[in-house]
Peer 1: 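Here you go, one structure.
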Protein chains: 2
Amino acid sequence: MKPRSTLAAQAHRLAVTRASGSASAGLHAMVLNQIGLSIVQGELAPGDPLPNADDWSAAYGVSRTVLREVIKVLAGKGLIESRTKTGMRVRPRSNWNFLDPDVLAWRYSARVSEADVRELFELRRAIEPMAGALAAERATPDQIAQLEAVLVEMEGVADDGERFAEPDLVFHQMILRMTGNELIGSLAALIETALLMSFRLSNDNPHGHRHSMPLHRDVAGSISGRDATGARQALLALLDQAEEDVRRAIAARSRIQE
Amino acid sequence: MKPRSTLAAQAHRLAVTRASGSASAGLHAMVLNQIGLSIVQGELAPGDPLPNADDWSAAYGVSRTVLREVIKVLAGKGLIESRTKTGMRVRPRSNWNFLDPDVLAWRYSARVSEADVRELFELRRAIEPMAGALAAERATPDQIAQLEAVLVEMEGVADDGERFAEPDLVFHQMILRMTGNELIGSLAALIETALLMSFRLSNDNPHGHRHSMPLHRDVAGSISGRDATGARQALLALLDQAEEDVRRAIAARSRIQE
DNA sequence: ATAAAAGCTATTATATGAATAATATGAAGA
DNA sequence: TCTTCATATTATTCATATAATAGCTTTTAT
């Protein structure tokens with residue numbers, strides 16, 4: 001028996017996405033997002049047998065070529081496996097590559113729970129203070145100048161919830177890059193996801209982000225002054241504040257929904 | 001002008017791989033590994049224009065279908081971008097997802113430098129002690145029993161360089177899992193890569209791994225005893241020792257090659 | 001002479017049909 | 001009861017055709 005209603009729902013959602021023309025995406029990217037979201041957000045559970053290639057591509061109104069490429073990409077991120085005769089299946093969560101930028105985005109693009117926030121900040125707390133300390137030791141004068149410039153930019157838009165997001169993101173990612181460690185640099189997607197989520201949650205708050213500027217200044221100051229432990233502590237404090245903000249926003253959200 | 005010699009070299013290597021039948025791989029996986037390695041190990045540099053789809057698939061002796069799927073997977077890992085008319089290009093390293101299991105494996109599968117080791121252990125040092133602390137707080141009795149069992153298994157094969165690798169890997173990955181944090185769990189691939197590299201480097205050393213057992217016992221003991229700070233310190237010590245071992249092995253290797 | 005616009009062309013993107021290979025399942029036999 | 005074997009199902013691969021797009025060239029208008 002085939003899950004016809006689910007397929008129909010997926011096809012419909014695709015039609016909507018396609019019509020809205022959200023991304024500059026081609027068919028491939030669109031279908032990839034659809035299926036990726038379906039899996040990561042739990043609509044398709046681990047172990048679930050997926051429709052066979054023909055039916056599935058038909059349901060999305062795309063060719064097998066496109067679906068197949070999507071399948072392979074998802075398999076490359078650990079979400080799916082495809083074996084002859086058995087068909088395609090969603091792999092257990094322990095095989096998913098949660099640090100993949102796409103998977104992160106799919107997971108945190110909607111309905112985040114308190115547990116999701118906890119996971120995110122647990123990891124950030126392990127990474128960013130350490131990265132700050134390394135940055136303080138290794139950053140080139142040029143990089144430090146750039147960081148200061150971004151800080152100034154943040155000051156300029158600290159009261160504008162919309163425009164603050166970008167320089168804030170650049171600020172945090174720059175610190176990761178300044179470690180000179182490419183593995184750490186690849187965690188930029190993690191920070192991006194966290195900040196996007198945070199800004200999405202707090203966009204009802206019209207009070208801007210000025211309250212976080214002092215701590216950002218501390219971070220930049222410590223790095224400029226080559227103070228590794230200072231940078232570590234400043235980033236810890238910044239993360240404490242950020243997590244507190246997010247938790248408040250979630251609490252407010254759930255209070256509204258009641 | 002097309003890089004004919006490079007293509008020929010790639011095709012030849014594929015033939016070798018195919019003949020040796022290394023992985024359980026299909027064509028797709030084989031070509032994926034070939035091209036992934038070529039890129040990550042620097043044979044194809046960022047910004048390099050890649051051959052067009054027809055020539056390239058011909059060079060590997062596979063259909064365009066297979067090559068296209070490979071391209072899409074690599075694009076999903078950030079290594080490549082493909083635009084119509086412009087063709088395919090290797091993306092700058094800053095876009096690569098170094099934490100992807102495949103990319104990690106490609107990068108550390110050969111000729112590791114001291115810098116590579118530093119990067120790996122910098123990140124492990126940030127993650128594993130923290131994970132150990134969380135594990136000490138959160139692990140279920142069942143999980144702790146499993147960890148102890150793995151420890152016993154390690155004891156049993158501590159003098160066998162070959163057989164020690166697997167339980168050691170399980171030991172470290174289990175700690176990540178016991179945090180209950182899926183983002184941290186996805187770093188299992190990082191630890192796997194590090195350990196495989198470490199074992200590969202030290203396989204001339206016939207003296208086994210018994211010297212690391214006391215520290216492993218400390219780790220397990222701290223977690224069993226719900227001692228978070230103890231677990232953190234024990235893991236730090238363990239990492240110090242492991243990094244020291246690797247550095248010694250690299251030094252020995254380069255001394256031999258001179 | 002310069003700049004904008006139209007058209008050409010190479011290249012990827014998408015689609016489709018057909019052939020091949022692998023394997024889980026069940027039937028047949030020891 | 002176990003093993004062997006055939007078969008149907010499914011993914012995998014291949015070959016080919018059409019569409020879309022972006023860079024380049026030519027044209028054209030000012």
Side-chain angles (χ1 to χ4, degrees), chain A residues 1-3 7 11 14-15 17-19 21-35 39 44 47-76 78-91, chain B residues 1-3 7 11 14-15 17-19 21-35 44 47-76 79-91:
Chain A
M1 192 178 84
K2 287 166 194 164
L7 289 182
L14 175 59
T17 305
R18 199 199 294 239
S22 58
S24 66
L27 274 183
H28 172 81
M30 227 152 29
V31 176
L32 180 67
N33 279 316
Q34 295 296 327
I35 299 182
I39 294 173
L44 300 170
D48 275 4
L50 302 172
N52 76 30
D54 283 325
D55 295 347
W56 214 6
S57 57
Y60 280 109
V62 300
S63 71
R64 285 172 310 149
T65 308
V66 169
L67 183 72
R68 207 145 203 322
E69 288 166 0
V70 168
I71 296 303
K72 279 280 161 46
V73 171
L74 290 172
L79 300 185
I80 279 183
E81 73 184 342
S82 165
R83 288 188 356 226
T84 309
K85 177 70 179 178
T86 305
M88 298 176 272
R89 293 177 163 277
V90 179
R91 294 224 283 167
Chain B
M1 195 177 83
K2 286 165 195 163
L7 288 182
L14 175 59
T17 306
R18 197 198 296 237
S22 58
S24 66
L27 273 184
H28 170 81
M30 226 151 31
V31 176
L32 179 67
N33 279 316
Q34 294 297 327
I35 298 182
L44 300 170
D48 275 4
L50 303 172
N52 75 33
D54 282 321
D55 295 348
W56 214 8
S57 56
Y60 280 109
V62 299
S63 71
R64 285 199 337 211
T65 308
V66 171
L67 184 71
R68 288 197 96 287
E69 287 167 2
V70 169
I71 295 303
K72 281 280 162 48
V73 172
L74 290 172
L79 301 184
I80 280 183
E81 72 184 343
S82 168
R83 296 195 340 235
T84 93
K85 176 64 184 178
T86 304
M88 298 177 270
R89 293 178 163 277
V90 179
R91 294 225 283 167

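These numbers come from the heavy atoms of this one structure, side chains and all, not from hydrogens, waters or symmetry mates. We name chains A, B, ... by the order of the sequence lines, and we start the count at 1 in each one.
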Peer 1: Between A:Tyr60 (OH) and C:dT16 (C1'), how many Å, whole number?
Peer 2: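 Result: 21 Å.
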Peer 1: As a quick check of understanding, evaluate side chain to side chain contact (heavy atoms under 4.5 Å, CB included) for B:Trp56 and B:Ile71, giving each step before the final call.
Peer 2: CA-CA 11 Å; B:Trp56 214 8; B:Ile71 295 303; 3.4 Å; yes
Peer 1: Whole Å only: how far is the CD atom of A:Glu81 from the C1' atom of D:dT10?
Peer 2: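 It works out to 14 Å between those atoms.
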Peer 1: In whole angstrom, give the distance that lies between atom CZ of B:Arg89 and atom C1' of C:dT12.
Peer 2: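 Rounding to the nearest Å, CZ of B:Arg89 and C1' of C:dT12 are 14 Å apart.
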Peer 1: Closest-nucleotide mapping onto DNA chain D: is B:Ser63 or A:Ser82 further toward the 5' terminus? I mean the 5' end.
Peer 2: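 The 5'-side residue here is A:Ser82.
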Peer 1: Tell me the interatomic distance from B:Met30, atom CE, to D:dT12, atom P, rounded to whole angstroms.
Peer 2: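 So the CE-P distance, B:Met30 to D:dT12, works out to 14 Å.
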Peer 1: Could you tell me whether the phosphate oxygens of C:dT16, OP1 or OP2, come under 4.0 Å of any side-chain nitrogen or oxygen in A:Arg64?
Peer 2: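 No, A:Arg64 has no side-chain N/O under 4.0 Å of OP1/OP2 on C:dT16.
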Peer 1: To the nearest Å, how far apart are A:Leu27 CG and D:dT18 C1'?
Peer 2: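 About 14 Å, once rounded to whole Å.
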Peer 1: Rounded to the nearest 0.5 Å, what's the gap from CD1 on A:Ile35 to CG on A:Leu67? Could you check?
Peer 2: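 If I round to the nearest 0.5 Å, the distance is 5.0 Å.
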Peer 1: Could you give the CG-to-P distance, from B:Leu32 to D:dT13, as a whole number of Å?
Peer 2: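 Distance, rounded to whole Å: 12 Å.
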Peer 1: What distance separates B:Leu32 CG from B:Lys72 NZ, expressed to the nearest 0.5 Å?
Peer 2: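 Reported value, rounded in 0.5 Å steps: 14.5 Å.
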Peer 1: Which comes earlier along DNA chain C counting from the 5' end, the contact point of B:Thr65 or that of B:Leu50, where each point is its nearest nucleotide?
Peer 2: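 Residue closer to the 5' terminus by nearest nucleotide: B:Leu50.
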Peer 1: Determine: side-chain N/O of A:Arg68 to OP1/OP2 of D:dA11, distance under 4.0 Å, yes or no.
Peer 2: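 No.
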Peer 1: Indicate yes or no: at least one non-hydrogen side-chain atom of B:Val62 is less than 4.5 angstrom from one of B:Met30.
Peer 2: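 Not in contact.
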Peer 1: Taking only nitrogen or oxygen atoms into account, show me every contact under 3.5 Å that the protein makes with nucleotides 6-11 of chain C, one pair per line with its distance.
Peer 2:
none

Peer 1: Could you tell me the separation between the CG atom of B:Leu67 and the P atom of C:dA13, rounded to a whole number of Å?
Peer 2: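 Checked: the CG to P distance equals 11 Å.
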Peer 1: Is a donor on one side and an acceptor on the other found under 3.5 Å between the side chain of B:Arg89 and the backbone of B:Glu81?
Peer 2: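 No; zero donor-acceptor contacts below 3.5 Å.
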Peer 1: What integer distance in Å separates A:Ile80:CD1 from D:dA11:P?
Peer 2: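 In whole Å, D:dA11 P and A:Ile80 CD1 are 11 Å from each other.
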Peer 1: Can you tell me how far the OH atom of A:Tyr60 sits from the OG atom of A:Ser57, to the nearest 0.5 Å?
Peer 2: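 Taking OH in A:Tyr60 and OG in A:Ser57, the distance rounds to 11.0 Å.
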Peer 1: With B:Thr65, which residues qualify under side chain to side chain contact (heavy atoms under 4.5 Å, CB included), at least two apart?
Peer 2: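 Only B:Ser63, B:Glu69 meet the side chain to side chain contact (heavy atoms under 4.5 Å, CB included) criterion with B:Thr65.
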